[in-house]
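Scroll down for the structure; my scribbles are underneath it.
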Amino acid sequence: MADPLFIAIDGPAGVGKSTVARKLAERLGFTHVDSGATYRAAALKVLESGASPDDERAVIEIVARADIRLVTDGRQARVLLDGQDVSRRIRKPEVTLAASKVSRLPEVRQRLIALQRSVPVGRGMVMEGRDIGTVVFPEAPLKIFLRADPEERARRRLGQEREEGQARSLVETAREIERRDRLDSERKVSPLVAAPDACQIDSTRLTADQVVEQIVTLAREKKLIL
Ligand code: DC
């Protein structure tokens with residue numbers, strides 16, 4: 001059997017990473033892993049513990065002791081906090097902002113990156129995040145960096161939030177995206193940058209299916225899949 005294939009998908013919030021990564025994994029029969037969920041679970045633990053996400057010492061200590069796991073059924077990895085599936089709770093706006101803050105700390109990243117690397121690969125894996133192609137799996141033979149115009153990203157994020165039952169305005173969502181972009185790009189450890197060998201795709205005017213198609217074509221051109 002061929003070696004399992006790793007596909008890394010990185011990019012900022014609202015570029016359609018999750019939808020594309022999920023659909024791509026489904027299409028190829030690979031496991032989909034959302035690395036952001038681990039930072040969100042860590043942030044949820046910090047908030048639940050009553051600590052401020054800005055209190056670095058407290059965050060480091062809480063995350064070091066937190067019971068965070070990534071479990072997979074071969075298709076989808078789910079994040080468990082203290083043994084409970086927190087997939088929904090980690091989508092709340094306060095967790096989103098806290099995740100951006102806790103993910104700046106090297107001690108937190110070290111622990112969660114080890115967790116992300118420990119997920120069984122299965123037939124192959126599509127992992128999405130900010131630093132998958134640069135830090136988590138720099139040896140991935142296919143790295144995608146997704147971009148999209150800021151207005152389109154805010155619109156998509158808002159649609160996603162509404163589906164999750166949260167009511168916010170486009171202006172609020174755009175402001176939060178801008179703030180997170182700044183936090184994610186300016187942090188010292190693993191900032192959001194494209195790997196030098198990443199294929200960049202601008203998804204502004206593409207549907208998720210069209211992006212998936214482009215990635216499949218790239219994988220074929222590289223002779224990674226038939
Ligand atoms: O992709 P997301 O919105 O679920 O990510 C939540 C936060 O986690 C994001 O603000 C930055 C951080 N993150 C990270 O630092 N590295 C990753 N590989 C994934 C997410």
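Note that ligands are numbered from 1 as they come in the structure, with each ligand's atoms numbered from 1 the same way. Keep in mind that what you see is a predicted model, and the values were worked out from it rather than measured.
Residue D184 has at least one N or O atom closer than 3.5 Å to an N or O atom of ligand 1. Close N/O approach between D131 and ligand 1 is found [any backbone or side-chain N/O within under 3.5 Å]. Geometrically, ligand 1 and D34 share no nitrogen or oxygen pair separated by less than 3.5 Å.
Exactly one of R156, Q210, E152 qualifies for a side chain to side chain donor-acceptor pair (under 3.5 Å) with S203. That residue is R156.
How far CD of Q116 is from OH of Y39: 4.5 Å, rounded to the nearest 0.5 Å.
Listed by atom number, the atoms of ligand 1 under 4.0 Å from R157 heavy atoms are 3 (O). Applying the 4.0 Å criterion to heavy atoms of S103 picks out, from ligand 1, the atoms 11 (C), 12 (C), 15 (O). Close approach of ligand 1 to G129 (heavy-atom distance below 4.0 Å) involves ligand atoms 18 (N), 19 (C).
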CA sep, side-chain torsions, deciding dist, call: D10, K17, salt bridge (Lys or Arg N to Asp or Glu O under 4.0 Å): CA-CA 7 Å; D10 290 301; K17 276 192 316 273; over 6 Å; no
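Contact annotation: for R179 versus ligand 1, there are no heavy atoms closer than 4.0 Å. At a 4.0 Å heavy-atom cut-off, ligand 1 touches R187 through the side chain alone.
Neither side chain, S35 nor E128, offers a donor N or O lying under 3.5 Å from an acceptor on the other. Defined by atom type and a distance below 3.5 Å, a donor-acceptor pair is missing between the side-chain atoms of R75 and T31. D209 and T207 form no side-chain donor-acceptor contact under 3.5 Å, judged by distance and modelled atom types alone.
Atom CD of Q110 has 12 or fewer heavy atoms from other residues, nucleotides or ligands within 6.0 Å. Residue E56 qualifies as open at atom CD: its count of foreign heavy atoms under 6.0 Å is 12 or below.
Here atom 16 (N) of ligand 1 lies nearest to R109 when heavy atoms of R109, R180, R40, E128 are compared.
Nearest heavy atom pair, residue D181 against residue A13, reads OD1-N, 4.4 Å.
Considering only non-hydrogen protein atoms, atom 13 (N) of ligand 1 sits nearest to Y39 CD1, 3.6 Å. Of all protein heavy atoms, the one closest to atom 19 (C) of ligand 1 is S35 OG, 3.4 Å. Remark: minimum distance from atom 1 (O) of ligand 1 to any protein heavy atom is reached at R130 NH1, 2.9 Å.
Put simply, no part of K101 is less than 4.0 Å from ligand 1, judged by heavy atoms.
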